[in-house]
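Here the structure is laid out as structure tokens; the discussion comes afterwards.
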Amino acid sequence: MRLWVLAAALLMAGCETASEPADSFGGAAAIAQGLQADRILIDKSERTLLLYSDGVVIARYGNIRFGASPKGHKRFEGDERTPEGRYTIDRRNPDSIAHLSLGISYPNAKDRAYAEEHGKSPGGNIFIHGQMNGWKGPALPYDWTDGCVAVSNSEMDELWQLVPMGTDVEIRP
């Protein structure tokens, strides 16, 4: 029932609950409703991060940032690409060097096998995180990570509350 109340509130606020909402909206209403995400959809070409609960979009974050070389799937350590595919949130780091961070389970078996075939390391330590600690300005307006997904610190505060361990993550090209 709470999801339907949230969906109605978001629609009245001018936000859609379809797979691609028209406007960004944060997770404050979802937090107030006590909701938790069960799926994250990151669309690299649209630069969006959507949180779902029981098939309903409960928050949408736009203009997110990626690795400094954002096109294409991460293949090797140091390529500065953000992975594409299906993963899970596998760790939470409250003491991150970038505000807060949620770990993405990259590399998976397919990623490791590909890197091994080419005699390289697939890399790792891919996170959804805020801005680097000590950064006093707004969210950086360009792709700056080594392959992670970066959001503003206030967005990361919401994600921290809404995303539990084990949440499914899909990263699309």
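- A distance-only check finds a donor-acceptor pair linking the side chain of Q36 to the backbone of Q161 [under 3.5 Å].
- A heavy-atom distance below 4.5 Å is found between the side chains of Y87 and D111.
- If you check the side chains of E158 and Y61, you find a donor sitting under 3.5 Å from an acceptor.
- Side-chain contact between I42 and E170 is absent, with no heavy-atom pair separated by less than 4.5 Å.
- Checking K71, R47, K44, R81 one by one against D143, the salt bridge (Lys or Arg N to Asp or Glu O under 4.0 Å) holds for a single residue, R47.
- Annotation for N125 and R91: closest pair CA-NH2, 3.5 Å, computed over non-hydrogen atoms.
- Contact of the L50 side chain with the I40 side chain is not registered, since no non-hydrogen atoms from C-beta on lie closer than 4.5 Å.
- Between F25 and V57 there is a side-chain heavy-atom pair separated by less than 4.5 Å.
- No side-chain heavy atom of I104 sits under 4.5 Å from any side-chain heavy atom of F127.
- S96 places no side-chain N or O within donor-acceptor distance of the main-chain N or O of N93, the cut-off being under 3.5 Å.
- Within the 4.5 Å cutoff, no side-chain heavy atoms of L49 are placed close to those of L41.
- You'll find the side chain of I126 stays beyond 4.5 Å of the side chain of T145, heavy atoms only.
- A cation-pi arrangement is not found for R112 relative to Y106, the charged atom failing to lie both closer than 6.0 Å to the ring centre and inside a 45° cone about the ring normal.
- Closest non-hydrogen pair, S121 versus A115, comes out as C-CB, 3.9 Å.
- The side-chain tip of R39 points at the ring of Y52 from less than 6.0 angstrom away and within 45° of straight on.
- Of the possible donor and acceptor atoms, one in the side chain of N133 sits under 3.5 Å from a partner among the backbone N and O of H99.
- Shown here is I97, whose CD1 atom has no more than 12 heavy atoms of other residues, nucleotides or ligands within 6.0 Å.
- For the pair R92 and V163, the tightest heavy-atom approach, listed with the atom from each and the gap, is NH1-O, 2.6 Å.
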Quiz prompt | Derivation and outcome, salt bridge (Lys or Arg N to Asp or Glu O under 4.0 Å), residues R86 and D168 | solution = CA-CA 7 Å; R86 294 183 181 273; D168 291 329; over 6 Å; no
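- Between the side chain of S105 and the main chain of I89, no donor-acceptor pair closer than 3.5 Å is present.
- Side chain of T88 to main chain of D90: no donor-acceptor pair is present (N/O by atom type, distance under 3.5 Å, no hydrogens or angles).
- Listed for the S152 side chain is no donor-acceptor partner under 3.5 Å among the backbone atoms of A139.
- When every heavy atom of P107 is checked against every heavy atom of G124, the shortest pair comes out as CD-CA, 4.3 Å.
- Put simply, the side chain of K120 does not reach to within 4.5 Å of the side chain of Y114, judged on heavy atoms.
- Judged by a 6.0 Å distance limit and a 45° cone about the ring axis, R65 is not positioned over the six-membered ring of Y142.
- Smallest separation of non-hydrogen atoms from R60 and T48: NH2-CG2, 3.0 Å.
- Contact record, H129 with A98: ND1-CB, 3.5 Å, taken as the closest heavy-atom pair.
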Exercise. Please lay out, stage by stage, how I128 and L159 fare under the test side chain to side chain contact (heavy atoms under 4.5 Å, CB included).
Key: CA-CA 9 Å; I128 300 169; L159 291 168; 3.9 Å; yes
